[in-house]
Amino acid sequence: MPAYRPEEIEKKWQAHWKAHSTFRTENHSDKPKYYVLDMFPYPSGAGLHVGHPLGYIASDIVTRYKRLRGFNVLHPMGFDSFGLPAEQYAIQTGQHPALTTEKNIETYVQQLSSLGFSYDWSREVRTSDASYYKWTQWIFLKLFNSWYNLDTDRAEPLTELTARFAASGSEGIRAAGDDGDRLSFSAGQWALFSEKQKLAAVLPYRLAYQQDTYVNWCPGLGTVLSNDEVKDGLSERGGFPVERRLMPQWNLRITAYADRLLQGLDQLDWPDAVKEMQRNWIGKSIGAEVTFPVQGSENAQIKVYTTRVDTIYGATFLVLAPEHELVDELTTPGQRAAVDEYIAATKRRSERDRMTDVKAVSGVFTGAYALNPVNGAPVPIWLADYVLAGYGTGAVMAVPSGDQRDYLFAKHFNLPIPAISDAQQGLDQQADPTKEGHYINSGIINGLTYKEATQKLIAFLEEKGLGKGKVNFRQRDAIFGRQRYWGEPIPIYYKDGTAYGIAESDLPLVLPEIDEYKPTETGEPPLGRASDWLYKGKYPYELSTMPGWAGSSWYYLRYMDPTNEARFVSEEAEQYWGSVDLYMGGAEHATGHLLYARFWYLFLKDLGLVSSGEPFQKLINQGMILGRSNFVYRVNMRWVQTGPTTAGHEAFEPLPFSPPVILISKSKKDAIDAAQGMAFEHTGELAKSAYQQIGAVTKRYSDQFNANHPEADLAALDFESFTPLHADVNLVDNDILDVEAFKNWREEYADAEFILEDNGTYICGTEVEKMSKSKYNVVNPNILIDKYGADALRLYEMFLGPLEQYKPWNTNGISGVGGFLKKFWRLFHPEDGPLALTDEPATPAELKVLHRAIQKVQEDIEKFSFNTSVSLFMITVNELTALKCHKRAILEPLVLLVSPYAPHLAEELWQELGHEAGSISHAAYPEFREEFLVEDTVVYPLAINGKVREQMQFAAAATAAEIEAAVLASDFLAKHGEGKAAKKVIVVPGRMVNVVV
RNA sequence: GCCGGAGUGGUGGAAUGGUAUACACGAGGGACUUAAAAUCCCUUGCCUUCACGGGCUUACGGGUUCGAGUCCCGUCUCCGGUACCA
C-alpha cells in the first residue's frame, strides 16, 4: 500500500458524493448557467452494455469541466419509462409493467452510479409517474384547446376562436389545417348551434384533433405506429408487418409548425446531417396548384399540384391516385370494369409490396378527359398507384418529357412524349428534368427560359382563376394515439359521442389497473378492460393512450423544477435555465423525438409558457459502439454411400444420426476455403493437414457407426461445408477461445471435437455487428469496472475514437489507459509508497508540459474532441515520468485537468493534497499562461527553389527581414546553392524560408 | 436515384496549409521470475541494402501553392439517411 486501487477509491467517492449531495444544483446562482442534457434512456431489462454510456461519459466530462470553469451546471437524468417492451413482457407474464419498469430502473441507477456520473439525482423524472404525466396530459389539453391562427402565425387559445365565431362567424378566419373539413357559418348561425354542433364545428381547428386517418396498423403489436416507427413495411420494434388502415385517430397538428420548424434549424448548432434529415422530413416544396376542367362537365375540375408549372404544355395526361374522390364520377361506363379491378388490386397490395415493387408500371384509363388550362387541349385522365392520395391534391399533371416516372408510364401505355424545350435530347431513352434551354411547342412561353416562363404562367393562371402558387409539405400531422396499456391515458371523455377534455383540476388521469394487458374480446384497446373507466362516474374515457414520444417531448423542462405540483415548471426556473446548452444523444432520434420536442416547445412558446426560441441549442450525436462478434466454425457432414449406385458415382445421403460437432480453428477453415477457391498452391500444406484432421475425426465416428449398424450400407462421413456460430465473447481472449469454458457454456458443445492451430490454440473468426444479446457479443461494463475501474472505462471509451463516430468495441485496448492511471498515480506515490511531492519550483520544461496540457485539454473539450485529450494525458504523464517530476506545482493543477475524465482518482489525490474531501468538483480550472509555451528558438525549413534542403534555427522573436538577412549572409548558399547567388529570399512568417537562385 | 459523411500502418486513431503515421493496442525481442501473472526496456508504415544509406507512402487521377492528408476539380469505394413527394 498504497498502490492504485480503483475498486476502493471509486466506491469510497461514489458513497461520499451520494451522502453529501455533491452534485445538487440550485436554481439560483451568481454563476452563469449551463444546461447539459443526456437523452434519457428507456430502462430495458437487459441493462447497460459498454456502448450505452459513451454519450453519458462525454456529457459528464463537459459537465465537470464547465463546473471547473465557473458555471452553475444543470445535469440531470431520468427515465423514459413508458413503452412497449415492458408491456409485451406483461402480456407474456402477467407482471404489471410498473413493477418490471421499477426493477429495471434500479439496475440502471446502480449501473450509472458505478460509472461516477455527476447527475443531480434529486431532479430525476420518470415519464410513467403520475406526478409527471399529469403535466404531459396538461400539455395535451392545451393543444386540444388551441388552434393555429395563420394571420398571427401562432397558436392561440380556442376561446379566441369561438369569440370570433360569435362576433362574425367563420368568415375571414385563416387557420392551419384542411379547410375542407370545416363548416362555413355566420355569427347568427353560430349562436343557434347546440353545444354539440359548436364542438363539432371547432374540432377541425384544434391542434389535437380526432379524425379518420390512414394509419400504419400493426396487427402483430395491436396498435398503430408512426411513420418513423416503421422500417421497410415492418415495425421497428418486433419486426411485424404493418398495413394501411383507415381509423379514427387522435392527431397533433404539427404541420401548422412545418415552416417554423424548418426556419428554426438555421440558427441551431446541430450536426448538418440531423438538420438535413429534418429538412427532408418536413419536405417543403414550392410550386403551384393548377385546375384542369373536366371535358364535357360543367362543374367537375381536377386540381393538380406541380413544382414545374413551366412544363404544363408538355402535360399530355393527368394521373389520379386510386383513392381520389372524383374517380367514381369520372369513370366512363366502358372503363368501369377495368377501373374497379385496378382499385381492388391496389387495395390488396400492402404498403410493403408497393415499396418493394416501385419499378413496375401500373395504371388504368378512366375514359374521361380534362382540358389543359393553357391551351384547351384534351388530356386523358388515368389512375395509378404511384400517385399518393396524401400528398398535394392526390392528382398530378404528367409531363413525360420532363419527369422520369411520367416518362415510363407514357412509354408503357404508348402515350405521346412531345418535347417542350430546345435543350431536350434523347427522349427516346429517358425524360429530361433539367431546366435548361428555351421552350418550344409551348404557346405563350415559347422561347423563354425557366425563370421567365414560370413567372409568366403563374401570373396567367392566377388571372384566369385556374391556378395559384402554393407551398406544400411532405410532413403529415402526427398520429397521437396508441391502442396500448402502458402509456399516458389521453385526458378525454365522451358525452353523446362528442369528445371533451377533462378539467385541469381533475388531472392526473391515472392509468387504471386491469386484469390482462391485451385488447378486449371486442377488439378494443386494453383500457377497455378497466371497470369504472368513466369520467364523473358516467362518461366513458378515451381508450387509447399516448405514444412513446409524448413524455419525452418536454422532460427537459421538468428537470428544471421536477417537484412543482402547481405548474409544469415554474416561471422563475424556466427563465433561469432557458434552453438546453448541450444535448447529447443518438442520431436515430433525428426525425422523431427531436422534431416533436421542438414542436411542443414552439407551441408552449406561443402560449407564453416558455421563453427561448428553441429547446436545444447545441446537439451532439455520439456514435454507436459496435460489438465485435466471435465465431467458431462448425464442420458440416454428409454420408457417402458405398457400393454401386444407379448413377454410377458416389451418392450422398442424409445423416442417419446426429453428427458429431466438429469445430475448426480459423486459419484451417480459411485454408480449406482457399483450397476450394482454387488457391490451393498458396495454402496447400495447411489445407492438406486440415483435411486430414477432419478425416481422422470423421473416420472414427463412421467406423463406430458402421460397427454398430452392420446392416447399413454406408461408408463414411464426408466434409461438406462450414457453418459459423457465434461464440460468447466472454469466452474469448484476443480471438483465442477458452476451449474448456466453451465446452461448459452449452450442452451441445460438451463433446465437441476441436481442430486446433498447430500451436494448440483455437482461433475464432470475427465480425463487427451491433451489440446484442443474441449475437453473444455484449460486453458488460460492470465486469470491466471490477477489473480496471470506472475511471479506466471512462477514459477508454473516450480514447476509442472521435465521439461521433461508429466504432467497434475492443476490450484489449483498455489495458493501455489502465497503465496510464497507474503511472499517473506513481507520479504522486513514487514506488507506490505514500504521497511524496516536493515543493520545489517547477522548471521551464515542466511548466511547458503542464501548460500545453492546460491549453490543449481546454480546446479539446470545447470542441468535443475527447479522444485527443486522453492521448495528451498519456504523453504528459510519460514526459513528467521521464523528467522525474514529483512537484506539487505541476501535479496539483494536473489533477484538476484530469478530474472530468477520471473523477474518482482525482478526488482521492485532491484530498491527499490537503484539500477538503469532495471539493475538486467545484474547484477552479487552472489558469493557462501562454508565456510558458513560448519557444526560445524556432526551426525553419529552408528551401532552394522550393525544395527543402535543411532546417535552420532562428531566434523565436526574429522578424522576417532579420531572417532574410541572416540567410543571405550565411554560408548556406555556398554549401547548397551550387555556388549561385540568391536572387530572392522568401520568408513565410514563422514557417518557411525559400531561397530562389 | 437523391441528400449527408468518411477513406491515413496489422488495428483504434493523431496532425492551425509547414518534419505524416503522435498516443494506444497488437506483434516481435529482452530483463526480472523455478514458472506464470504483473512490471520494466528495445524494435515495429512499405520497398531496398550485410550495413551506412536510398526510394516510396495519407483510396485513385489531375490542379492551386515554395510547400497539400488538409484547399479545388474529376473518379472509385464504404457508411448513414431517404425514396414513386409530382
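These numbers were taken from a predicted model, which means no experiment stands behind them.
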> Which nucleotide, in any strand shown, forms a Watson-Crick or G-U wobble pair with B/rC84, with both distances under 3.5 Å?
Replying inline: none
> Quick one: is A/T307 getting a side-chain N or O under 4.0 Å of the B/rC85 phosphate, OP1 or OP2?
Replying inline: no
>> My understanding is that a pair needs two contacts under 3.5 Å, Watson-Crick or G-U wobble. By that rule, which nucleotide pairs with B/rA14?
In response: none
>> Pairing check on B/rA36: which nucleotide meets the Watson-Crick or G-U wobble criteria with it, both distances under 3.5 Å?
In response: none
> Distance-only, no hydrogens or angles: does the A/S442 side chain make a donor-acceptor pair with backbone N or O of A/Y313 under 3.5 Å?
Replying inline: no
> Looking at the side chain of A/Y305, which of B/rA86, B/rC40, B/rC23 is the nearest nucleotide?
Replying inline: B/rA86
> Which value, rounded to the nearest 0.5 Å, describes the distance between A/K470 atom NZ and A/I286 atom CD1?
Replying inline: 13.5 Å
> Nearest of B/rA14, B/rA86, B/rG26 to any side-chain atom of A/S815?
Replying inline: B/rG26
> With rounding to whole Å, what would you report as the distance between B/rU75 and B/rG69 at their P atoms?
Replying inline: 22 Å
>> Between C1' on B/rG5 and CH2 on A/W270, what's the gap in Å once rounded to a whole number?
In response: 18 Å
>> For B/rG13, does the O4'-C1'-N9-C4 or O4'-C1'-N1-C2 angle fall within 90° of 0, making it syn, or is it anti?
In response: anti
> Would you say B/rG80 has OP1 or OP2 under 4.0 Å from some side-chain N or O of A/N621?
Replying inline: no
>> Given B/rC84, B/rA24, B/rU82, identify the nucleotide with an atom nearest to the side chain of A/R405.
In response: B/rC84
> A/K275 NZ to B/rG80 C1': how many Å, rounded?
Replying inline: 18 Å
> Of all the choices, B/rA86, B/rC84, B/rC40, which nucleotide is nearest to the side chain of A/D385 once you look at every atom?
Replying inline: B/rC84
> Say you pick atom P in B/rA6 and the same atom in B/rC72; how far apart are they, in whole Å?
Replying inline: 11 Å
> What nucleic acid atoms does A/D406 come within less than 4.0 Å of, heavy atoms only: base, sugar-phosphate, or nothing?
Replying inline: nothing
> Any sub-3.5 Å donor-acceptor pair from A/K275's side-chain atoms to A/L265's backbone N or O?
Replying inline: yes
>> Taking pairing as Watson-Crick or G-U wobble with both contacts under 3.5 Å, can you name the mate of B/rA68, or confirm there isn't one?
In response: none
>> I'd like to know if the side chain of A/T393 reaches the main chain of A/A395, judged simply by a donor and an acceptor atom lying under 3.5 Å from each other, with no hydrogens or angles considered.
In response: yes
> Roughly how far apart, to the nearest Å, are B/rU65 and B/rG55 at atom C1'?
Replying inline: 25 Å
> How many Å lie between CG on A/L320 and C1' on B/rC85, as a whole number?
Replying inline: 16 Å
>> For a quick test of reading the model: is some side-chain N or O of A/R279 closer than 4.0 Å to OP1 or OP2 of B/rG81?
In response: no
> Which is true for A/Q805 with a 4.0 Å heavy-atom rule: it touches a base, it touches only sugar-phosphate, or it touches nothing?
Replying inline: sugar-phosphate
>> By nearest heavy atom, map A/K822 and A/F473 onto RNA chain B; which one lands nearer the 5' end?
In response: A/K822
> Could you state the CH2-P distance from A/W281 to B/rC3, rounded to the nearest angstrom?
Replying inline: 19 Å
> Rounded to whole angstrom units, what separation is found between the CG atom of A/N810 and the P atom of B/rU11?
Replying inline: 13 Å
> Relative to the ring of A/F873, is the ring of A/Y901 parallel (under 30°), tilted (30 to 60°) or perpendicular (over 60°)?
Replying inline: perpendicular
> Counting only Watson-Crick or G-U wobble pairs whose two distances fall under 3.5 Å, which nucleotide matches B/rU44?
Replying inline: B/rG26
> Pick the nucleotide of RNA chain B nearest each of A/D860 and A/R474; which residue has the one closer to the 5' end?
Replying inline: A/D860
>> Can you tell me if A/N867 touches the phosphate of B/rA14, counting only side-chain N or O atoms and a distance under 4.0 Å to OP1 or OP2?
In response: yes
> How far does the C1' atom of B/rA68 sit from the matching atom of B/rG17, given to the nearest Å?
Replying inline: 7 Å
>> Main chain of A/A590, side chain of A/Q278: is a donor-acceptor contact present, judged purely on distance under 3.5 Å?
In response: yes
> Between atom NZ in A/K884 and atom P in B/rC40, what is the gap in whole Å?
Replying inline: 14 Å
> Quick one: A/F866 CZ to B/rA24 C1', roughly how many Å, whole number?
Replying inline: 19 Å
>> Whole angstroms only, please: what is the CE-P distance between A/M277 and B/rG5?
In response: 11 Å
> Between A/R279 and A/D266, is there a salt bridge with N-O shorter than 4.0 Å?
Replying inline: yes
>> Side chain of A/S871 only, heavy atoms from C-beta on: which candidate in B/rA86, B/rC23, B/rC40 is closest?
In response: B/rC23
> Rounding to the closest angstrom, what is the interatomic distance between B/rU44 and B/rC23 at atom C1'?
Replying inline: 15 Å
>> Measuring from atom CG of A/L800 to atom CH2 of A/W809, what distance do you get when rounded to the nearest 0.5 angstrom?
In response: 6.0 Å
> What interatomic distance, in whole Å, is found between C1' of B/rU8 and the corresponding atom of B/rU21?
Replying inline: 7 Å
> To the side chain of A/N280, which of B/rC3, B/rC85, B/rC23 is closest?
Replying inline: B/rC3
> Applying a 3.5 Å limit to both distances, which nucleotide forms a Watson-Crick or G-U wobble pair with B/rC78?
Replying inline: B/rG5
>> What contact category does A/P802 fall into here, base, sugar-phosphate, or nothing, at under 4.0 angstrom with non-hydrogen atoms?
In response: sugar-phosphate
> With rounding to whole Å, what would you report as the distance between B/rG12 and B/rU49 at their C1' atoms?
Replying inline: 33 Å
> Nearest to the side chain of A/R826 - B/rU39, B/rC23, B/rA86?
Replying inline: B/rU39
> Using the C1' atom in both, what is the distance from B/rA59 to B/rC76, to the nearest Å?
Replying inline: 8 Å
